[in-house]
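Small disclaimer: the values here were computed from a predicted structure and weren't measured.
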Amino acid sequence: MYYVIKKDGTHEEFNIQKVINAITKSANRVLHEFTKQELDDICAFVENSVARYGSNEIPIRAMHNIVEGALENVNPDVAKSYKDYRNYKQDFVHMLDEVYKKSQAIMFIGDKENSNADSTLVSTKRCLIFNQLNKELYQKFFLTTEELQACRDGYIYVHDMSARRDTMNCCLFDVAHVLKGGFEMGNIFYNEPKTLDVAFDVIGDIVLSAASQQYGGFTVPNVEKILAPYAEKTYNKQYAKYIELGLSEEKAKEQAKKDVAYDMKQGFQGWEYKFNTVASSRGDYPFITLTAGNGTGEFEKLATITMLNVRKEGQGKPGFKKPVLFPKLVFLYDENLHGKGKPLEDVFEAGIACSSKTMYPDWLSLTGEGYVASIYKKYGEVISPMGCRAFLSPWFERGGMHPADDQDKPVFVGRFNIGAISLHLPMIYAKAQKESKDFFEVLDYYLNLIRKLHLRTYDYLGEMRASTNPLAYCEGGFYGGHLHYNDKIKPILKSATASFGITALNELQQLYNKKSLVQDGEFALKTMEFINKRINEFKEEDGRLYAIYGTPAESLCGLQIKQFRKKYGIVENVSDREYVSNSFHCHVTEDITPIQKQDLENRFWNLLNGGKIQYVKYPVNYNLEAIRTLVRRAMKMGFYEGVNLSLSYCDDCGHQELNMDECPKCHSKNVTKIERMNGYLSFSRVKGDTRLNSAKMAEIKERKSM
């Protein structure tokens with residue numbers, strides 16, 4: 001008879017079934033299922049080791065070592081899972097202590113990591129505290145020691161650790177598919193809307209519900225084409241009513257169109273109220289994006305122009321109106337439709353007028369140069385951005401990653417991303433220099449580290465059930481999303497992208513030869529070409545849709561400076577400011593013209609097809625002609641272009657200017673300011689405070705060309 005001596009000194013009879021139970025739990029945590037042969041081998045190893053121990057009393061620590069040895073012979077991943085879980089009591093004490101300290105800061109100070117989350121609200125505080133716990137669990141039970149070290153040092157950054165174990169990231173949600181024929185939501189069956197006003201209400205419910213089940217950007221692509229059929233239903237209903245009331249055919253048509261226009265305006269106003277005041281269950285205001293602009297039908301044009309005019313007019317009391325932040329608007333620009341003298345030039349002009357007052361819409365070229373335009377010109381398919389800048393790689397209906405033949409077509413609507421992990425390029429270069437290693441060899445190490453993490457994420461999320469997001473996985477919101485409630489979502493993940501992000505390309509060039517992207521940029525270009533080459537090889541080897549993403553660092557822009565300084569100190573033009581540059585952009589302090597900035601950033605444009613935006617600062621005081629000229633130039637170049645202004649509003653007298661900290665009319669400092677965060681907008685000042693972190697505020701203060 002053998003006994004195991006527990007930690008408290010008590011003796012327990014050795015029982016091989018307890019070993020089986022423990023190792024099975026460890027296997028489950030890494031999604032492994034033991035075969036009968038594997039279990040037999042493990043049990044034989046353990047029993048033989050116990051018999052050879054030399055005593056019939058075995059301390060629990062020795063018992064653990066025996067089990068770990070058995071697992072190492074069979075499956076090292078399960079062995080690691082078992083080892084990690086052994087000291088969970090001690091680890092949980094440390095984790096909960098970290099969560100508690102963070103919770104105290106959230107409760108009494110607030111949190112500015114995400115500008116979309118108002119951390120003054122009780123509901124948001126609760127979610128932020130839960131997110132901290134989830135982040136700790138992710139680091140403890142999902143990351144390997146190697147990955148965790150890379151994150152803590154700062155060489156890579158895993159975005160949204162608090163949500164990655166639960167769900168997916170940005171998406172192009174197929175609202176039209178969900179609506180068609182009706183759908184079920186929250187155990188209630190919704191009939192397909194029969195009028196435009198009901199369609200607005202139902203779409204608003206769909207968006208808020210589905211966006212709560214993910215993180216990142218939630219895009220409704222070509223919203224004008226979704227609304228047009230319901231506008232036509234309202235028109236036909238109202239026309240028939242007026243004919244029945246005795247109006248002439250001409251008057252009936254006129255009045256029916258007025259009714260549609262009224263419902264369209266009320267609908268977009270309702271969305272602006274709903275999307276800016278109703279927080280999701282995640283505690284933030286969902287990052288909702290609407291794309292529109294290339295619909296040519298009468299009601300499609302009406303929808304786009306109304307959406308733009310409602311945004312331009314703003315919301316608030318008379319005399320105190322200001323633009324809302326959500327939804328983000330993106331204009332789908334087709335030169336053949338929106339060019340001078342073309343059929344939708346009036347829609348384009350409505351967009352320019354809106355951008356000049358609110359910064360939105362951002363502008364996506366469908367007919368210029370580059371990836372997005374090439375897909376549109378060849379297949380007629382629009383690749384709308386997900387959130388502020390993420391783009392999907394092509395997935396073909398029959399061929400998957402590659403077209404089966406010349407007739408195969410790509411699918412974009414209904415697809416999504418499973419998460420982004422960013423490289424800190426200056427850190428990686430500094431490491432290579434310090435260790436006298438080739439930079440590209442060290443870079444390749446971290447690319448492969450991210451690759452493994454993505455592969456594990458695909459496998460992990462694939463085990464989730466369709467019930468975790470019914471509108472997406474069961475009601476057709478996602479491509480292939482007609483699964484049964486308890487089905488695993490693995491089949492749907494085959495068309496999902498996974499992003500490799502990059503930050504601080506400008507600082508990488510500075511570290512290489514003390515020149516900025518404006519002065520040089522050749523080494524930065526060589527680096528991006530290397531990353532593209534390796535990731536394209538990964539795609540073919542793994543059969544996964546990896547994408548390269550220009551990271552819109554929000555709180556990360558300050559964190560990366562702290563990480564760099566800790567290991568490599570303060571280096572001029574690299575770590576001597578509070579922030580690093582976003583993505584592939586020229587440094588915000590560069591004194592260059594908008595045209596120079598467009599030209600300089602154009603060389604990197606087609607090397608970041610998984611996520612990119614180009615923007616320039618317009619110090620033009622609502623100069624429509626300047627904005628119009630620069631937008632058309634950007635569209636010809638194939639950009640996804642953002643108009644960047646500083647918008648300021650006096651909350652005491654209603655005066656507004658491009659940039660003011662004190663109202664020149666009433667001298668009040670009660671000013672609301674809206675700034676471009678990265679690819680999206682946020683409050684840099686509201687009710688005396690900012691929702692932005694100190695690093696981002698430092699960057700905004702120094703902007704010249706951004």
Side-chain angles (χ1 to χ4, degrees), residues 28-33 130 134 137-138 141-142 160 162-192 202-221 226 280-282 286-288 386-387 390 392-393 395-398 400-401 411-419 454-499 543-545:
N28 289 340
R29 284 191 289 273
V30 292
L31 310 178
H32 179 75
E33 187 173 340
F130 166 77
N134 226 15
L137 291 171
Y138 180 84
F141 295 114
F142 197 87
D160 303 290
S162 62
R164 286 175 62 93
R165 293 193 318 139
D166 303 327
T167 185
M168 30 64 65
N169 193 9
C170 306
C171 73
L172 300 181
F173 200 83
D174 196 344
V175 172
H177 194 98
V178 173
L179 287 172
K180 191 71 175 175
F183 61 96
E184 187 177 289
M185 182 167 64
N187 298 319
I188 300 290
F189 187 81
Y190 282 63
N191 290 304
E192 183 176 357
V202 173
I203 292 171
D205 291 344
I206 290 171
V207 168
L208 284 179
S209 177
S212 294
Q213 313 311 321
Q214 64 169 84
Y215 62 99
F218 185 98
T219 294
V220 181
I226 297 171
S280 75
S281 58
R282 301 182 319 225
F287 194 139
I288 297 161
M386 302 182 294
L392 290 163
S393 304
W395 180 265
F396 292 86
E397 289 178 344
R398 289 180 289 110
M401 285 178 60
V411 179
F412 295 99
V413 177
R415 291 177 48 217
F416 55 90
N417 183 284
I418 66 158
H454 278 324
L455 285 171
R456 211 158 66 253
T457 303
Y458 275 112
D459 291 340
Y460 184 88
L461 290 177
E463 297 298 309
M464 296 290 180
R465 305 288 174 173
S467 56
T468 57
N469 191 346
L471 284 173
Y473 301 130
C474 304
E475 299 294 338
F478 287 166
Y479 181 56
H482 289 285
L483 302 175
H484 293 297
Y485 204 65
N486 291 316
D487 286 349
K488 293 181 180 180
I489 67 169
K490 188 174 183 178
I492 291 179
L493 292 182
K494 61 186 179 181
S495 65
T497 58
S499 298
R544 294 296 188 182
L545 285 176

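- Judged purely by distance below 3.5 Å, without hydrogens or angles, the side chains of R164 and Y138 pair a donor atom with an acceptor atom.
- Under a 3.5 Å cut-off, the side chain of S212 and the backbone N or O of L208 do form a donor-acceptor pair.
- What you find for L483 and A466 is that their closest heavy atoms are CB-CB, 3.9 Å.
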Run the side chain to side chain contact (heavy atoms under 4.5 Å, CB included) test on F416 and L392 for me, step by step, so that the C-alpha distance in whole Å, both residues' side-chain angles and the decisive distance to 0.1 Å come before the verdict. CA-CA 7 Å; F416 55 90; L392 290 163; 5.7 Å; no
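- Using a 4.5 Å cut-off on side-chain heavy atoms (C-beta onward), F218 and M386 make no contact.
- Using a 3.5 Å distance cut-off with no hydrogens or angles, the side chains of N417 and S499 do pair a donor with an acceptor.
- Residue E463 comes nearest to K488 through the heavy atom pair OE1-NZ, 2.6 Å, listed as atom of the first residue, atom of the second, then distance.
- Atoms CZ and CG, from F412 and D174 in turn, are 14.0 Å apart once rounded to the nearest 0.5 Å.
- Contact detail for P221 and V413: the closest heavy-atom pair is CG-CG2, 3.9 Å.
- A donor-acceptor contact shorter than 3.5 Å links the side chain of E192 to the backbone of G181.
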Derivation of the side chain to side chain contact (heavy atoms under 4.5 Å, CB included) call for R415 and C171: CA-CA 6 Å; R415 291 177 48 217; C171 73; over 6 Å; no
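- Every residue meeting the ring-ring contact (aromatic ring centres under 6.0 Å, His included) condition with Y460, not counting sequence neighbours, appears here in chain and number order: F142.
- Taking 4.5 Å as the limit, every side-chain heavy atom of H484 sits out of range of all side-chain heavy atoms of Y473.
- For R465 (side chain) and N486 (main-chain N/O), a donor-acceptor pair under 3.5 Å exists by modelled atom type.
- Between C170 and T219 there is no side-chain heavy-atom pair separated by less than 4.5 Å.
- Considering all non-hydrogen atoms of both residues, L493 and Y458 come closest at CD1-O, 3.4 Å.
- Proximity of M168 to F478: side-chain heavy atoms (C-beta onward) are separated by under 4.5 Å at one or more points.
- Checked by atom type, the side-chain pair D160/N169 shows no donor-acceptor distance below 3.5 Å.
- Residues I206 and F183 meet the side-chain proximity criterion, which asks for heavy atoms closer than 4.5 Å.
- The two residues G419 and H454 come nearest to each other via the heavy atoms O-CE1, 3.6 Å.
- One finds the SG atom of C474 at 8.0 Å from the CG atom of D487 (value rounded to the nearest 0.5 Å).
- Scanning all heavy atoms of the two residues, the minimum distance from L471 to M185 falls at CD1-SD, 3.4 Å.
- Every residue was checked against the side-chain hydrogen bond (donor to acceptor under 3.5 Å, both in side chains) condition with S393, not counting sequence neighbours, and none meets it.
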Side chain to side chain contact (heavy atoms under 4.5 Å, CB included) assessment of W395 paired with L545: CA-CA 8 Å; W395 180 265; L545 285 176; 3.6 Å; yes
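- Atom NE2 in H177 sits 10.5 Å away from atom CG in L179 (nearest 0.5 Å).
- Using a 4.5 Å heavy-atom threshold, the side chains of R165 and M464 count as separate.
- The shortest distance between side-chain heavy atoms of T497 and I418 does not fall below 4.5 Å.
- Residues Y215 and T167 meet the side-chain proximity criterion, which asks for heavy atoms closer than 4.5 Å.
- Here Y479 contributes atom OH and L172 contributes atom CG; the two are 14.0 Å apart, rounded to the nearest 0.5 Å.
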